[in-house]
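For reference, the structure discussed in these notes is given below.
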2 protein chains.
Amino acid sequence: MIYADRMPLTILLVDDEPLVRAGLRAVLEAQPDIEVVGEAADGAAVIPLVRRLRPDVVAMDVRMPLMDGIEATRAVLRTVPDPPKIIMVTTFENDENVYGALRAGADGFLLKRARPAEIVHAVRLVAEGDSLPFPAAVRRLAASYGENDGNAEARAVLSRAALTRREEDVLRLMTRGLSNAEIAAHLVVGAETVKSHVSSILAKLGARDRTQAVITAYESGFVSPG
Amino acid sequence: MIYADRMPLTILLVDDEPLVRAGLRAVLEAQPDIEVVGEAADGAAVIPLVRRLRPDVVAMDVRMPLMDGIEATRAVLRTVPDPPKIIMVTTFENDENVYGALRAGADGFLLKRARPAEIVHAVRLVAEGDSLPFPAAVRRLAASYGENDGNAEARAVLSRAALTRREEDVLRLMTRGLSNAEIAAHLVVGAETVKSHVSSILAKLGARDRTQAVITAYESGFVSPG
DNA sequence: GATCGTCTCCCCCGTACGGGGGGAGACCGG
DNA sequence: CCGGTCTCCCCCCGTACGGGGGAGACGATC
């Protein structure tokens, strides 16, 4: 079927790794009818973004530091009227969390090492409502593309990590408006140590600077006003 | 936020209820740099006391038997040279009299149910003079009257000098994690212009950097997560 | 034992940031 | 008319910030 849609297909990317977001964006934006309307570094930031951007599709990582894809999916479907289609993104086809996400109401499932054309295909199918890669289809996908890749998607296979305790401590103090030096004093460690933690936090949250990290902390419910 | 104290901050309490005065005194005197220099039971007694004690701040109830907070504020500002900062104290955030008092020249308002730390914070902010909240936050407060109770920090202070429209624009973009350059591009102005606005915002909010400004924006309800 | 992650601390380095000034044109209300 | 506010632009300058490395110590895990 040929679609001469004037309205581009809008999509929101949610992944804690900037690299993955950049990759997905590059692949998807190459399509004239697909428009990436937003990015988020954590699942908990999704709801406000969905409300504001109202994307057709949300491509969401399963594992993320503050709120994982399952929780986020559940939250979106529970609180947003006329919710977008949700595609779970994962590195491993046997990721048990994927099934949990699908039970939570996700519409599809996508392997990070899928080829660009496959990614585009999956997004289009899900957007059209024919929810596709379900567990059954997952096996097919895994079977067809699971063996060899060595493709450029190797970058996606990175270890993701949640914030460590210390990093949470630091982030919490960041949300109180403290400078690195002040945080160091509070935690009774060196300023260089704090800098290290801050860098890790920024990387994990996909934030460019401490301000963005604090915003993510608020948007995710890591801290709340009042 | 970190406060570098200079001279002790003197304050005069004006409330017809001894209990409230005692509560405020207890909270404020717990601070080494804050000194309650006097008390009054009615607005009518304020002027001579202010003249004699010359407090930095007057915390004044809105409603009092003989002379209410509005009248008293007006009287002080009209007759006392180099008048103190005036904080209106009230029970309800949607108290119409509060707005009247603010129009009369009060420097901020404070909810009686605010937590101690927030009361102290509010007093300090007002005393420093360079602290201000947003009309939008106040409106939102009035709208959400009766819903929640915490987060009085944001509601604690309102000032005559609010953010200008342009400053609100800039702050809003700051809360989305944009850099000065990006904000400039968004608003189609020069980067130097944005820097000016940011500096004004920081000064008005009593923030040291953009991160603190964003925090204040969240804490005040200027923006809210989800 | 070996490996891994965390926490700690250190180096260099570029730059966005924020403070300190000043100033000009437009508008509005007194 | 004038003063005040808002808007915008420019300068210099110091520094906190963040990226890029690396490394030692400790505990848990295998």
Side-chain angles (χ1 to χ4, degrees), chain A residues 16-19 22 41 63 65 157-217, chain B residues 1-2 4 103 105 128-132 134-135 159-217:
Chain A
D16 54 328
E17 291 178 36
L19 210 56
R63 307 184 197 181
V157 187
L158 295 175
S159 65
R160 66 202 56 258
L163 295 184
T164 67
R165 269 178 212 154
R166 209 51 166 168
E167 286 162 356
E168 287 191 356
D169 293 338
V170 172
L171 178 56
R172 200 164 287 111
L173 292 174
M174 286 167 69
T175 65
R176 303 299 301 171
L178 299 190
S179 68
N180 287 342
E182 289 166 343
I183 292 172
H186 262 260
L187 298 180
V188 197
V189 297
E192 300 299 327
T193 301
V194 175
K195 284 182 61 176
S196 290
H197 289 314
V198 170
S199 289
S200 296
I201 291 168
L202 297 185
K204 288 184 178 180
L205 297 187
R208 187 176 50 196
D209 50 49
R210 71 200 296 105
T211 302
Q212 287 190 353
V214 167
I215 291 170
T216 299
Chain B
M1 228 168 278
I2 306 297
R103 280 194 297 272
E128 286 167 7
D130 57 339
S131 58
L132 357 159
F134 333 79
S159 170
R160 278 168 291 186
L163 296 184
T164 68
R165 271 181 215 143
R166 208 50 166 172
E167 287 162 355
E168 287 193 357
D169 293 339
V170 171
L171 178 56
R172 200 164 288 113
L173 292 174
M174 286 168 69
T175 64
R176 295 178 59 173
L178 273 59
S179 67
N180 287 343
E182 290 167 343
I183 292 173
H186 261 260
L187 298 180
V188 197
V189 297
E192 299 300 327
T193 300
V194 174
K195 285 183 61 177
S196 289
H197 289 315
V198 170
S199 289
S200 297
I201 291 168
L202 297 185
K204 288 184 176 180
L205 298 187
R208 187 177 49 198
D209 49 49
R210 69 199 299 107
T211 302
Q212 287 191 353
V214 167
I215 291 170
T216 301

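A, B, ... follow the sequence lines: proteins, then strands. Residue 1 opens every chain.
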Give a yes/no answer on whether the side chain of [X] brings an N or O atom under 4.0 Å of OP1 or OP2 in [N].
| X | N | answer |
| --- | --- | --- |
| A:Thr193 | C:dC9 | yes |
| A:His197 | C:dT8 | yes |
| B:Arg166 | D:dC8 | yes |

Given atom [atom1] of [X] and atom [atom2] of [N], what is their separation to the nearest angstrom?
| X | N | atom1 | atom2 | result |
| --- | --- | --- | --- | --- |
| A:Asp209 | C:dC17 | CG | P | 7 Å |
| A:Leu178 | D:dA16 | CG | P | 15 Å |
| A:Glu167 | C:dT6 | CD | P | 7 Å |
| A:Ile183 | D:dC17 | CD1 | P | 8 Å |
| A:Asn180 | D:dT15 | CG | C1' | 12 Å |
| A:Leu202 | D:dA16 | CG | P | 18 Å |
| B:Leu187 | D:dC8 | CG | P | 8 Å |
| A:Glu192 | C:dC12 | CD | P | 10 Å |

Can you tell me how far [atom2] of [Y] sits from [atom1] of [X], rounded to the nearest 0.5 angstrom?
| X | Y | atom1 | atom2 | answer |
| --- | --- | --- | --- | --- |
| A:Arg210 | A:Leu171 | CZ | CG | 10.0 Å |
| B:His186 | B:Arg176 | NE2 | CZ | 6.5 Å |
| A:Thr193 | A:Leu187 | OG1 | CG | 9.5 Å |
| B:Asn180 | B:Met174 | CG | CE | 7.5 Å |
| B:Leu202 | B:Thr211 | CG | OG1 | 10.0 Å |

> Toward the 5' end of DNA chain D, which comes first, A:Arg210 or B:Lys195, by nearest nucleotide?
Replying inline: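 On the 5' side of the pair lies B:Lys195.
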> Considering heavy-atom distances to DNA chain D, does B:Val189 or A:Val198 have its closest nucleotide positioned more toward the 5' end?
Replying inline: B:Val189
> Under the salt bridge (Lys or Arg N to Asp or Glu O under 4.0 Å) test, which residues partner B:Glu192, sequence neighbours left out?
Replying inline: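 Expected list: none.
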> Any donor-acceptor pair under 3.5 Å joining the side chain of A:Ser196 to the base of C:dC7?
Replying inline: no
Contact list (N/O, under 3.5 angstrom) for nucleotides 26-30 of chain D vs protein:
none

>> Apply side chain to side chain contact (heavy atoms under 4.5 Å, CB included) to residues B:Arg166 and B:Val189 and explain how you reach the verdict.
In response: CA-CA 11 Å; B:Arg166 208 50 166 172; B:Val189 297; 3.6 Å; yes
